[in-house]
Structure formats: C-alpha cells, structure tokens
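Just below is one structure, and these are the notes that go with it.
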Amino acid sequence: FRDAYFLKSRIFLRQEKIKEASELLEKNISMFPEDSDMLFLLGSLYFELGNLPKAALYHNSLLDSIEKREGESRYKTVTLKSLGEIFNRNGQFRKALFYFQNYLNYENGDIDIRYKVAQILNTLGDFGGSKRELLTILKTNPNNLHVELLLGEMFFIESRVNAFLYFEKL
C-alpha cells in the first residue's frame, strides 16, 4: 500500500497539486507512523505550502525517529536545515540557531547557513559570535560583499575607531 500512496502523491505533484498530495499522505500516515520517506515528504510539502507548524511537526517527528535510530539517517542534515529555516521564518531565532548550528556540524562549508547563523547571532546581540561566523566565511570567500558590509556595520556600532581601521583594509 505504501508504494501506491507514494505513486499517487507523485502524480499529484507532477500535476502541481501539492495540497492534494499532502492531504493524501497525511490521511494515510497512521498506517506508516515511522516511515522516514513519508515524514520527510509531508514536512517538505507543508513547508512548500507555507504551513510551517505542520512542516515543523513532521520534520521534528522525523528527527526524533532518526535520533532513536529507527529513521533513516540520510535525512538528518536536510531535516536540521529545514527546521532551522522554519523557525527562522517564524521569528523563533533561538530554535533556528540551534538547528542551524547542528546542521553546520555536518555541513561545515555551507556559507549561506553560516551567514544566517551570523545574522541570528547579531539579532540576538551576540556580536562576538556573529563576527566569528562572518570571519569564518571571509576565510573561504574573501570577496563576499554582504559579509564585509555586516562586519563593517558591527565594527561601526562597536567602535568608530575599529570601523575606520576595518574600512581602511577594504
């Protein structure tokens, strides 16, 4: 039965009927409550639909399943990233930071997520942590204008003298 539901949901997706695909899978999730593929797909579909609470529910369920070693670990990094995105969009920055930092433990080279972590740390008032993240990005990508501007802004807020020295290097 499981494959039939996935096939039918894929047909809906090809027809760009995301809502119908998510409703079909959600209606039948009780038959496959620990199915990693179904939890991941439902979380992703609800994220796409903008239903962030349901996306978080299914992604958290999948992550719990993975942590218990019942779910498929191949979804761990993308689930951590998705949960970070969900909580960041909801303005729950501490939760977003938690998931993004865990994601970076696996995907250390993801500059976009590292930049989001720096922005969140800046928003939360942890300027030192934010600067460390930004400087890490600059080591791998020295000409990143967004990073240089955010660093310059932070140095300016911190001290005009430091800002002048920083801008002089640029």
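Because the structure is predicted, anything quoted here is derived from the model rather than measured.
Checked by atom type and distance alone, the side chain of R114 pairs as donor or acceptor with a backbone atom of N108 at under 3.5 Å. In terms of modelled atom types and a separation under 3.5 Å, the side chain of T79 and the main chain of Y75 share a donor-acceptor contact. In this structure, the side chain of N144 engages the main chain of H146 through a donor-acceptor pair within 3.5 Å. For N28 (side chain) and L24 (main-chain N/O), a donor-acceptor pair under 3.5 Å exists by modelled atom type. Under a 3.5 Å cut-off, the side chain of N102 and the backbone N or O of F98 do form a donor-acceptor pair.
Atom CD of E34 sits in a crowded spot, with more than 12 heavy atoms from other residues, nucleotides or ligands closer than 6.0 Å.
The shortest heavy-atom contact between G43 and A55 is O-CB, 3.4 Å. Annotation for S36 and E72: closest pair OG-N, 2.9 Å, computed over non-hydrogen atoms. Counting all heavy atoms, side chain and backbone alike, G129 lies closest to D126 at N-OD1, 2.9 Å. The nearest pair of heavy atoms linking E48 to I18 is CG-CD1, 3.7 Å.
A chain of hydrophobic side-chain contacts below 4.5 Å, direct or via other Ile, Leu, Val, Met, Phe, Trp or Tyr residues, connects V117 to L83. Connection of L41 to I86 is not established within any shared hydrophobic cluster, with ILVMFWY side chains joined at heavy-atom distances below 4.5 Å, either directly or through further cluster members. Transitive grouping of hydrophobic side chains (ILVMFWY, heavy atoms separated by less than 4.5 Å) keeps L134 and I120 in distinct clusters. Connection of L97 to L150 is not established within any shared hydrophobic cluster, with ILVMFWY side chains joined at heavy-atom distances below 4.5 Å, either directly or through further cluster members. Residues L42 and V78 share a hydrophobic cluster, clusters being chains of Ile/Leu/Val/Met/Phe/Trp/Tyr side chains in contact below 4.5 Å.
Side-chain contact check for E67 versus L63: some heavy-atom pair is nearer than 4.5 Å. Looking only at side-chain heavy atoms (C-beta outward), L138 and L151 come within less than 4.5 Å of each other. Contact of the I113 side chain with the E107 side chain is not registered, since no non-hydrogen atoms from C-beta on lie closer than 4.5 Å.
Ion pairing between K8 and D3 fails under the 4.0 Å rule for side-chain N and carboxylate O.
Using modelled atom types and a 3.5 Å distance limit, the side chains of Y106 and K76 yield a donor-acceptor pair. Using a 3.5 Å distance cut-off with no hydrogens or angles, the side chains of Y58 and E26 do pair a donor with an acceptor. Between the side chains of N88 and Y99, no donor-acceptor pair of N or O atoms lies under 3.5 Å.
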